[in-house]
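Please read all numbers here as calculations on a predicted model, not as lab measurements. Sequence lines set the chain letters: A, B, ... in the order given, protein chains first and strands last, and positions in each chain run from 1.
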2 protein chains.
Amino acid sequence: MALHITMRQLQVFESVARHLSFTRAAEELHLTQPAVSMQVKQLESMVDIALFEQLGKKVHLTEAGRTMVKHSRKMMAQLNEIEKDINGLRGVDGGQLKICIASTVNYFATRLLSRFCDVYKSVGISLDVINREELIKRLEANQPDLVLMGQPPEELDVVAKAFMENPLIIIANPQHKLCGKKNIPLSAMANEVFVMREPGSGTRTAMKRVFRQYEVEPKFGVQLSSNETVKQSVEAGLGLAVVSAHTVDLELNAGRLVSLEVEHFPIMRKWFVAYRRGKKLSATAQIFLDFVLSEGGIQQESHNRSKATK
Amino acid sequence: MALHITMRQLQVFESVARHLSFTRAAEELHLTQPAVSMQVKQLESMVDIALFEQLGKKVHLTEAGRTMVKHSRKMMAQLNEIEKDINGLRGVDGGQLKICIASTVNYFATRLLSRFCDVYKSVGISLDVINREELIKRLEANQPDLVLMGQPPEELDVVAKAFMENPLIIIANPQHKLCGKKNIPLSAMANEVFVMREPGSGTRTAMKRVFRQYEVEPKFGVQLSSNETVKQSVEAGLGLAVVSAHTVDLELNAGRLVSLEVEHFPIMRKWFVAYRRGKKLSATAQIFLDFVLSEGGIQQESHNRSKATK
DNA sequence: TATTTTCATAAATAATTCATTATGCTGAAT
DNA sequence: ATTCAGCATAATGAATTATTTATGAAAATA
């Protein structure tokens with residue numbers, strides 16, 4: 001790029017071209033006339049061609065001048081567009097939001113989202129429901145603005161805020177022999193078969209941790225890839241399962257599944273809304289974050305799952 | 001225009017955005033890394049929004065950043081277009097030429113033009129054949145690049161170069177009583193009727209001046225608005241006329257008109273190619289000017305018909 | 001001819017910009 | 001834990017730019 005044309009030059013030039021007078025342009029721009037002359041002269045020397053010609057005392061544009069006027073206007077319009085476009089991004093109105101949610105969150109996230117959309121109608125939301133593993137990949141790639149998930153990842157430096165309780169319970173088929181029993185000891189689980197999600201699933205990790213902690217080793221049965229199939233499998237009597245209580249509301253009420261009152265259960269965990277540390281949240285994302293936190297109704301304490309817990 | 005975004009800022013920003021690395025951009029631009037950081041920071045402060053976000057050690061564009069990249073590219077493309085467009089004007093190729101010619105010049109100007117076009121095929125020419133009065137108006141309005149005319153105007157500061165002899169002769173119907181006579185005294189014209197062009201016509205002015213100079217007062221008959229009708233009128237026997245010899249070549253050869261050998265005639269005048277003083281001749285116009293002068297084959301002496309004959 | 005208008009040029013200076021070096025911080029990799 | 005790579009910040013100096021005042025020249029006007 002050889003030419004070092006400045007916006008100022010174009011601006012001053014355009015004014016002269018419009019008035020066909022250096023003096024008028026100077027007045028318009030609150031400058032002295034020589035200042036205008038010099039800017040124009042600089043622009044002329046940049047393109048190495050005369051932009052004005054003075055015949056008698058009247059100033060005329062040359063052919064090159066007419067061309068330059070067009071370009072000047074275009075450039076200035078372009079600049080204004082930048083301002084406009086960027087300002088558009090600054091506000092919430094018309095904002096775009098990319099949200100990823102862990103699959104288990106799905107059950108209430110949709111309700112959350114629809115309430116949000118009611119309030120901020122002009123916000124465009126793209127929602128991806130994915131498993132924990134994929135979600136972490138996406139976070140690494142800086143794809144989503146915000147994610148809703150269970151336990152925030154240890155391996156990534158994220159800012160995570162809890163926004164809702166997430167009790168994990170053990171569910172069983174209503175015909176199961178432990179149904180209705182009170183204070184079932186955890187050790188009783190050693191005789192049970194558990195169906196579960198794929199490795200990497202947050203629920204699976206939490207469950208395993210508890211059993212390991214109390215040195216109970218249940219049997220592990222079928223491995224399933226969606227929460228829905230887990231529930232169906234339990235309903236079909238393939239075994240027990242640890243799930244987020246929110247995801248089985250309907251089935252419990254309908255009596256198709258029951259919650260076992262096992263010792264140490266429910267495991268009280270939380271749902272988090274999270275984003276990568278350093279992420280510049282757009283106004284829209286910030287609003288959504290606040291919305292989720294207030295709707296969730298947990299008193300705030302920032303969870304900072306990072307090595308850099310300085 | 002509040003924002004004082006510089007091309008440099010956009011250029012540096014674009015480089016960073018392309019590499020997603022300040023250091024790489026610095027290398028590309030032969031700068032130090034802090035210099036790059038500062039340019040980007042300045043741009044960010046101009047639009048008052050973050051363009052990059054650093055997550056871990058990777059640099060990402062923000063939404064605003066992505067928008068800005070588009071605009072940066074557009075702006076830089078725009079700049080290149082200026083250069084291209086202006087360069088297009090600098091050369092002869094594809095140039096535009098607005099030429100006005102006095103109506104009497106028409107007879108050979110067309111031939112001149114066609115020869116010019118043969119050589120410079122890519123030059124677009126707009127040609128207006130108009131009378132002297134209109135031609136001067138056009139000159140005042142700075143409409144034509146060049147004009148071809150008889151006597152250059154006194155009232156306007158033009159640069160005029162003679163390029164061809166312009167003998168003015170007196171023509172008559174072949175049946176006219178003075179036909180074939182040698183050395184007709186100018187005084188004999190006092191008994192003749194002259195048809196002529198409208199006031200303002202160069203030929204008319206020249207003719208009147210000669211008659212006044214030698215104190216001869218011929219009768220003035222019909223006033224005609226085109227050279228063609230003047231010839232036809234003379235042919236029809238309505239009177240004599242003073243015309244540029246070039247315009248009646250054909251008629252003289254065909255014997256439809258004759259030239260009278262009157263004392264002081266032919267008045268030797270010249271055709272001029274002219275443009276307003278101060279006019280920035282485009283390359284194309286300059287070429288045309290040179291072409292006309294060389295084709296005309298008059299040794300050059302610059303005629304400068306101006307008050308400011310300093 | 002004298003005056004006014006308008007633009008160009010020159011010199012001076014005020015302001016800003018640009019880039020450098022030096023240094024610190026952070027995250028990732030060894 | 002140390003080192004390395006990569007960005008930010010600060011201090012500084014050089015270079016450039018923007019702008020002003022003062023002045024001159026040319027053209028229109030009175």
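Both R276(B) and T6(A) lie near DNA chain D, and the one whose nearest nucleotide falls closer to the 5' end is T6(A).
Among the nucleotides dT19(D), dA8(C), dT9(C), the one closest to any side-chain atom of R8(A) is dT19(D). Taking only side-chain atoms of Q42(B), from C-beta outward, the nucleotide of dC18(C), dT9(C), dT19(D) with the closest atom is dC18(C). Side-chain proximity of H4(A) to dA27(D), dT17(D), dC7(D): nearest is dT17(D). Distance from the side chain of R277(B) is smallest for dA27(D) among the nucleotides dA27(D), dT6(C), dA19(C).
Within the structure, a side-chain polar atom (N or O) of S37(A) is placed less than 4.0 Å from OP1 or OP2 of dA8(C). Neither OP1 nor OP2 of dG6(D) sits under 4.0 Å from any side-chain N or O of S21(B). The side chain of K58(A) places no N or O atom within less than 4.0 Å of a non-bridging phosphate oxygen (OP1 or OP2) of dT5(C). Q54(B) has no side-chain polar atom (N or O) that falls below the 4.0 Å cut-off from OP1 or OP2 of dG27(C).
Against DNA chain C, the stretch residues 25-34 of chain A makes heavy-atom approaches under 4.0 Å through Q33(A), P34(A).
Atoms CE (M38(A)) and C1' (dT13(C)) sit 13 Å apart, rounded to a whole Å. Atom CD of E53(A) and atom P of dT6(C) are 19 Å apart (whole Å). In this structure, H60(A) atom NE2 and dC7(C) atom C1' are separated by 14 Å, rounded to whole Å. When the C1' atom of dT19(D) is taken as reference, atom CZ of F22(A) falls 16 Å away, rounded to whole Å.
Atoms CG and CG, from L281(B) and L97(B) in turn, are 9.5 Å apart once rounded to the nearest 0.5 Å.
Across all strands shown, V36(B) has no heavy atoms under 4.0 Å from either base or sugar-phosphate atoms.
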